[in-house]
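Each remark here refers to the structure printed beneath this line.
Labels below follow one simple rule: chain letters A, B, ... track the order of the sequence lines, proteins then strands, and each chain is numbered from 1.
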Number of protein chains: 2
Amino acid sequence: MEAVVSEDVCTKWSETLRVYHTTSCELESELQERHELGLSEFEVLKILSRSCSKGGGKAKMKELEAEMYLSQSALSRTVTRLEKDGLVTRATCDFDRRAMFLMLTPAGQERYEAAQPTYMGVLRAHFA
Amino acid sequence: MEAVVSEDVCTKWSETLRVYHTTSCELESELQERHELGLSEFEVLKILSRSCSKGGGKAKMKELEAEMYLSQSALSRTVTRLEKDGLVTRATCDFDRRAMFLMLTPAGQERYEAAQPTYMGVLRAHFA
DNA sequence: TGACATCCAATGCACGTGCATGTAAGTTTC
DNA sequence: GAAACTTACATGCACGTGCATTGGATGTCA
């Protein structure tokens with residue numbers, strides 16, 4: 001009884017591990033090879049694209065952080081990389097000068113739209 | 001139709017991501033805090049413990065590599081750390097002197113048996 | 001208003017990982 | 001048996017990450 005339950009959770013975990021690993025590896029390499037984007041960079045573009053379309057073109061760092069599985073420091077550096085590539089711009093918030101707004105540049109929007117089908121293709125291949 | 005399928009695979013992926021992230025983070029921190037073991041270190045001990053009980057006390061690096069989601073180099077260094085902590089020992093194979101046998105030390109066996117309930121506890125909390 | 005706590009983002013640092021390469025041992029081909 | 005190839009593991013290196021800290025801005029309370 002106990003043993004059955006134990007075996008069951010182990011199986012579930014190793015299944016999760018397998019799916020996560022194969023999918024994230026393929027996402028990573030496909031996005032890198034075809035669009036020069038890491039997975040977390042793509043995720044930032046994805047969230048920005050979504051919130052920009054309804055939020056008037058900007059999102060706060062804190063909002064991004066809450067939606068991603070990434071530490072504050074890692075997110076900060078990811079955004080730095082994206083900014084260096086000209087895909088997003090940072091802007092200080094007028095009302096709270098501690099906070100930063102992020103905005104997709106046209107190049108960022110374009111890059112995201114080019115990469116999105118690749119992303120979806122991998123997901124479909126693994127989950128459909 | 002297309003949209004529904006798309007939404008579905010996205011949901012599945014983000015669910016996988018969530019489960020993987022929360023579980024692996026908790027495994028990592030619990031194992032580290034209570035037993036001074038990283039997750040991949042624990043995984044090596046786990047596989048060794050299993051194959052030792054039936055295989056006469058040893059396993060080859062290649063076998064480990066095949067059973068883990070870890071590159072050859074990462075595995076090599078993980079084993080180096082375990083060896084430095086006195087939990088496993090390396091031994092060259094007599095028949096193929098390229099290959100390495102790994103063996104759990106008594107301390108390694110002990111550490112694994114102490115950590116295993118912690119590991120199972122986390123899995124049960126997330127999957128049961 | 002002044003002192004203190006809280007919050008946001010950036011950065012120094014240590015660490016684990018993957019890729020590419022090195023080294024040594026085994027295998028194949030002629 | 002020598003040369004070319006393959007296999008097993010270790011290691012140099014670059015990179016992304018998390019933790020802890022810093023610096024600056026905001027909020028709170030007396």
- Between CZ of A/R97 and C1' of D/dG23 the distance, given in whole Å, is 14 Å
- Task: Please identify each residue that fulfils ring pair (Phe, Tyr, Trp, His ring centres under 6.0 Å) with B/F42, with sequence neighbours left out.
- Result: B/Y112, B/Y119
- Task: Could you tell me which residues satisfy salt bridge (charged side-chain N to carboxylate O under 4.0 Å, His left out) with B/E26, sequence neighbours excluded, listed by chain and number?
- Result: none
- Residues that A/E63 engages under salt bridge (charged side-chain N to carboxylate O under 4.0 Å, His left out), provided they are two or more places apart: none
- Item | Residues which pass side chain to side chain contact (heavy atoms under 4.5 Å, CB included) with B/R98, listed by chain and number, not counting sequence neighbours | B/D96
- Task: Return the set of residues passing ring pair (Phe, Tyr, Trp, His ring centres under 6.0 Å) with A/F101 (not counting sequence neighbours), or none when no residue passes.
- Result: none
- Message: Across nucleotides 8-20 of chain C, 5' to 3', mark each nucleotide with B, S or - according to how protein heavy atoms within less than 4.0 Å reach it.
- Response: SBBBBB---BBB-
